[in-house]
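Here is the structure we will look at.
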Amino acid sequence: MEILSPLEKQLLLLLEKHGGKAEPEQLEMELVKVMNAASWLQSKGLVGMEEKLIKEYELTEEGERFLKEGLPEKNLLKGLKKASLEEIENKLGRKEAAIAIGWAKRKGWCDIVKEGDKKYLVVTEKGKEEVAKEQAEEEALEKIKEGNFEIDEEIINVLKRREAIREKERVKRSIFLTEKGWNVIKAGIKIEEEISQLTPEIIKSGEWKKKKFRKYDVKAFAPSIYPGKLHPMTQLIEKIRKIFAEIGFKEIRGSYVESCFWNMDALFIPQDHPARDMQDTFYCKKPDRIKIDRKLIEKIAKVHENGWKTGSKGWGYKFDEREAEKALLRTHTTVNTIRYLAHNPEPPAKVFSIERVFRRENIDSTHLPEFHQIEGIVYEKDANFCMLKGILKEFYNRMGFEKIRFRPSYFPYTEPSLEIEVRWQRKWIELGGAGIFRPEVTLPFGIEEPVLAWGLGLERMAMILLGLNDIRMLYFSDINWLRNLPLL
Amino acid sequence: MPVVNFDYYDLLSLLGREVSREELLEKIPMMGVCIERFEGNEISIEVFPNRPDLLSVEGMARALRAFLGIEEGLKKYDVAPPKISLHVEKSVEKVRPFIAAAIVRNVEMNDEIIASLMEVQEKLHFSVGKDRKKMAIGVHDFDKVTPPFVYKGVKPNEIKFVPLGKEEEMDLNEILEKHEKGIAYAHLIKHSDLYPIILDKNGNVLSFPPIINGELTALNEYTKNIFIDVTGTDMNAVLAALNIVATSLAERGGKLEQVEIIGKKKIITPDLTPQENEVSIDYIKKILKIEDEKEILKSLLKMGHDVVKEGNKIKVYSPVWRVDILHAIDLIEDVAIGYGYEKFEDMLPKAMIFGSSFSHDRIHQTMIGLGFNEVVTLSISSPEKEFEKMGIAGEAVEIANPISSEHSILRQSLLPSLLEILSKNRHNDLPQQIYEIGDVVIFEKGRAKQKTFLAGVKIDAKTGFTECKSVVEAILRNLGYKMDVEEKMHGSFIEGRCASIMVNGMEIGYFGEIKPSVICNFGLEYPVIAFEIDLSKLLPSFYE
């Protein structure tokens, strides 16, 4: 005869009440306790547990619509004998018309007849009859809505094809009494007293000396707990911060709302550059302008027009000074570094920033209207192209990327320019751009030595390191995903 | 960025040598363009906006021939002096002042040439032409018309002709109203009462730029001699496009011939005289650390320049279609590309500087210790989320051209985004407690002021003001501050259950129980507590 705890005994009796088999959730007992007791009883061979994958369905938006408004083919044919396809399309819209006509035809409710160069839909006898009746699909949709899934497979398939329903799989767990379990119940249950929960009283009274401790099933279910933690992007940012600080870089910060002047003009981005379009850059209505020193604008205007004293030809167009004070949401953090340099024109400097930038993108799985850039510069006597390669390689090595490649690229404010790619799962992935600031960018601010500069993507790196294929996961986080994500 | 599409075998025939697919895949990206696709025989290459000369297969082949060492140095073409002229009348000055033209004779027309011409025109119209605004190209069968030509402004109903691809004559107004190209580009000339037109000696219409050519001069497989016109509002763009299109046809075996353009001044186009620039060898060595001067010269040849070394300077003769050379630094980049980016050694900066960073370590540690999960949310928000749902009024930085009304302002508080995260997590187990450290932008007196905030929310079946107060007090204790509180009225919180957080007599934030109406606005069904602290005020030395 097995020794049973009060809980085990309770569970056996509950199972008996439910006819010997039940889902844990159906039992009149806390779920944690049920699972605990069940696993004990299972190890004693008194109950068994089974898991079955069952299919359930739910209505899609389309399905809800069918249910509310009726099937499109039915709506189409209601009160109709004949109509030109063009007329139907005009009435229902091209997409809806295609669905309605397609299904009506498939069901043999109509024929398509050609008269002249126009096509007509003619309702068949069958069509007339069927339109008045409730269709099997409609009946099935109602059942699904009520949570009843006893529906003919064929109808289910039709509804799936019409994207009216979605399949969900659910694991159905149940606990049942074994033959041995039934025998125990029939024999009646006797319990020998033993210690389950150790209490201060038991310790103080010395009662523990006289009694046995009930053995616990160490494999029994324990509820999950979740400690607080940093968002994975912050973990990544902290790691990057550490790397740059360790190799002697100073972090700087800037502002989201910037002027065209600092974001574009000072960086020698011509006024007709496509990136400045309303299509690509967010401009501000409030505030719409940001005051800039006139003299500075005039100097930069000359750089654009004829190169000023930089040795450049300039872009050779007439600079519109009114553009410079327009307010925008910064499109890159290069604006942080050029501002820093303008205020600190004496070398050396090594600064970086990891901040948000804004581009006029619609939200989808690979785009967001705001994201982070890892920006940095090295400004010292005789800074050169080889150092730029070296420092970027060092950074990506420390981030865990072993193979790094540099390709020629183009940015209006750097020359030479390069693009950085890392090898990841047998592919080259582009992670950022870099270059040496053009003399047209540096000389107007009295910056005489070469400035090595880079702007690297953070989100893309986060996505490959976290194995994500949807960037939205980062900004619209599912708390369960965060709870279960291991630390980086 | 523009993408050029062409055929592998067409490229090979222009290269004049067998080059394997593998070699192209490896070398093309190292020349400064991106291979977007190379499937079967179709190649698509993305070209950066500084190199419009690569926007045709002929231009790409020309650059590759030099880069691969098939034909190094400056590419020269024979150009015959002008035999015909084009007269520019004053009447066109206000609407589209500039024009340049070229003749290409003895072209052996085939499908590839026609396809490539279409491709290069389209790509140039977009990139250099800014969708035909700065310049537009017309290509004509020269033998269908009689020189000299005239470029002038005419009244919209003064002239009728059959536009390309149509069968009936239309006047200029009809074209702008009915023709698909007319509708698309009318805005470029609509401001003027005279419209630009190019006519031949007998009044035949070659083109109604930048809208459409005449059907009369349409190219076909029998076309032998081609007339190219480029009109525009920017002379540099006009000349660049003409040189690129004309030399593309010369690459196909056509013979270039100049045209005399007689307007206020007389010019002769195309003018392929190379650009002359000087770079100091020291400058190259300083930027690139290439010590071997022979390598420097060879690299420039591989990028299609001719070079003459003069003392410690190099005279560089660059093709006129290289419109990206503004400064000696642009030639230095060509040295780097010609040399090969992969060949540079890695060096590290020498300056000794101590690093420092703005880590929020102490705050993160505290929040994690309290069992809060950090989240990151977007800073672009909506008035609905920031104000209406929160039951408050206020002002914020506003975007003039938002992607949607849901993303039209900058957040001025973190709480709305945190409540939104809770609303997206209704299906997950309670309790949920989340926080964010992030920047908000306050719009005050016409100016945007950025601040760093810390905010947290907790949702649970049972939670309230006291718990929230304990949390906020714990945060401030960890940061070394003693907290005072004062009663506060705030539209998002239940009256009498909201308090200001006071440190040294200054309000640095607030906390309390969120109003049921706000809870409902976010689709939530359980009590929520919330706090927000202005870190820029609490720790000004760190955050300001």
Side-chain angles (χ1 to χ4, degrees), chain A residues 228-231 233-234 238 241 244-251 253 255-257 272 278 282-287 311-313 316 348 350 356 360 362 369-370 378 380 382-387 389-391 393 406-408 410 415-416 418 436 438-439 450 474-480 482, chain B residues 29-30 32 48 50 130 236 286-289 326-330 332-333 336-337 341 344-351 353-359 364 367-368 370-380 397-401 403 407 410 421 424-425 428 432 439 441 443 446-448 450:
Chain A
K229 68 175 121 176
L230 288 185
H231 189 277
M233 273 233 295
T234 307
E238 292 292 324
R241 278 207 166 104
F244 279 114
E246 275 168 358
I247 54 181
F249 282 74
K250 181 177 132 182
E251 185 168 354
R253 296 169 36 120
S255 307
Y256 297 164
V257 181
D272 67 356
M278 296 287 280
F282 285 122
Y283 288 90
C284 295
K285 186 150 83 183
K286 279 184 358 194
S312 167
K313 287 197 270 186
K350 288 195 288 183
R356 294 178 189 224
R360 202 167 172 281
N362 281 305
E370 57 177 287
V378 170
E380 64 176 56
D382 295 329
N384 61 55
F385 192 62
C386 301
M387 286 181 185
K389 276 186 77 184
I391 197 92
K393 211 165 194 180
F406 300 95
R407 282 196 294 113
Y410 172 75
E415 195 82 6
L418 56 82
I436 302 180
R438 295 186 66 98
L474 295 170
Y475 286 90
F476 307 100
S477 295
D478 182 87
I479 290 178
N480 253 10
L482 291 176
Chain B
M30 298 319 283
F48 294 115
N50 61 328
K130 308 290 169 200
N236 289 335
K286 178 180 163 89
I287 298 288
L288 298 180
K289 289 273 144 197
L326 305 180
H327 190 279
I329 197 74
D330 295 297
I332 294 183
E333 183 180 70
I337 297 172
Y341 274 25
F344 289 91
E345 60 169 320
D346 299 329
M347 291 173 63
L348 286 173
K350 297 199 174 70
I353 300 168
F354 291 101
S356 62
S357 71
F358 289 114
S359 166
H364 282 310
M367 296 313 299
I368 292 168
L370 289 165
F372 278 71
N373 252 314
E374 192 208 11
V375 295
V376 175
T377 63
L378 294 184
S379 25
I380 300 184
V397 168
E398 222 174 283
I399 297 171
N401 54 335
I403 40 172
H407 301 94
L410 287 187
I421 291 270
K424 288 192 190 306
N425 279 281
N428 285 324
Q432 292 170 6
D439 280 10
V441 185
F443 185 69
R447 295 185 56 181
Q450 194 162 329

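Values below: all heavy atoms of this structure, side chains included; hydrogens, waters and symmetry mates excluded. Each chain gets a letter, A, B and so on, in the order the sequences are listed, and its residues count up from 1.
Interface summary for chain A: among B:Leu410, B:Ile403, B:Ile421, the most heavy-atom pairs under 4.5 angstrom belong to B:Ile403. Chosen from A:Val378, A:Asn362, A:Leu482, the residue pairing most often with chain B at heavy-atom distances under 4.5 Å is A:Asn362. If you tally non-hydrogen atom pairs under 4.5 Å between each of B:Lys350, B:His407, B:Arg447 and chain A, the highest count goes to B:Lys350. For the set A:Tyr283, A:Tyr410, A:Phe249, A:Phe244, the entry with the most heavy-atom pairs within less than 4.5 Å of chain B is A:Tyr410. Note on A:Gly311, A:Cys284, A:Pro408, A:Gly228: by heavy-atom pairs under 4.5 Å with chain B, the leading option is A:Pro408. Looking only at heavy-atom pairs under 4.5 Å with chain A, the residue among B:Leu370, B:Asn236, B:Val375 that has the most is B:Val375. Taking chain B as the reference chain and counting heavy-atom pairs below 4.5 Å, the highest number among A:Ser255, A:Pro287, A:Ser477 is found for A:Pro287. Counting heavy-atom pairs closer than 4.5 Å to chain A, the top-ranked of the candidates B:Leu348, B:Asp330, B:Ile337, B:Val397 is B:Asp330. Among B:Ala336, B:Gly446, B:Ala448, B:Pro349, the residue with the largest count of heavy-atom pairs under 4.5 Å with chain A is B:Pro349. Heavy-atom pairs under 4.5 Å with chain A peak, among B:Ile332, B:Asp439, B:Val441, at B:Asp439.
The parts of A:Lys350 that come within reach of chain B are both its backbone and its side chain, each placing non-hydrogen atoms under 4.5 angstrom from that chain. Contacts of A:Arg360 with chain B are made by both backbone and side-chain atoms, with heavy-atom separations under 4.5 Å. Contacts between A:Leu418 and chain B at a heavy-atom distance below 4.5 Å involve backbone atoms as well as side-chain atoms. For A:Met278, the parts sitting under 4.5 Å from any heavy atom of chain B are the backbone and the side chain alike.
Smallest separation of non-hydrogen atoms from A:Ser312 and B:His327: N-CD2, 3.5 Å. Scanning both residues, B:Phe443 and A:Lys286, for their nearest heavy atoms gives CE1-C, 3.6 Å. Annotation for A:Lys389 and B:Tyr341: closest pair NZ-O, 2.8 Å, computed over non-hydrogen atoms. The two residues A:Ala245 and B:Ser357 come nearest to each other via the heavy atoms CB-CB, 4.4 Å. Closest approach of B:Ser379 and A:Tyr256 over heavy atoms only: OG-CE1, 3.9 Å. Contact between B:Asp346 and A:Gly390 at its shortest, heavy atoms only, is CB-CA, 3.8 Å.
Below 30°, between 30° and 60°, or above 60°: for A:Phe385 and B:Phe344 the angle between ring planes is above 60°, a perpendicular geometry.
Within the 4.5 Å cutoff, side-chain heavy atoms of B:Asn425 are placed close to those of A:Asp478. Counting only heavy atoms from C-beta outward, the side chains of A:Phe282 and B:Asn401 approach each other to under 4.5 Å. In this structure, A:Leu474 and B:Val376 have side chains that are not in contact, with every pair of non-hydrogen atoms separated by 4.5 Å or more.
The environment of NZ in B:Lys130 is crowded: more than 12 heavy-atom neighbours from other residues, nucleotides or ligands sit within 6.0 Å.
From B:Ile329, atom CD1 reaches atom CD of A:Glu415 across 7.0 Å, with rounding to the nearest 0.5 Å. To the nearest 0.5 angstrom, A:His231 atom NE2 is 11.5 Å from B:His364 atom NE2.
A salt bridge links B:Lys286 to A:Asp382: at least one charged side-chain nitrogen sits closer than 4.0 Å to a carboxylate oxygen.
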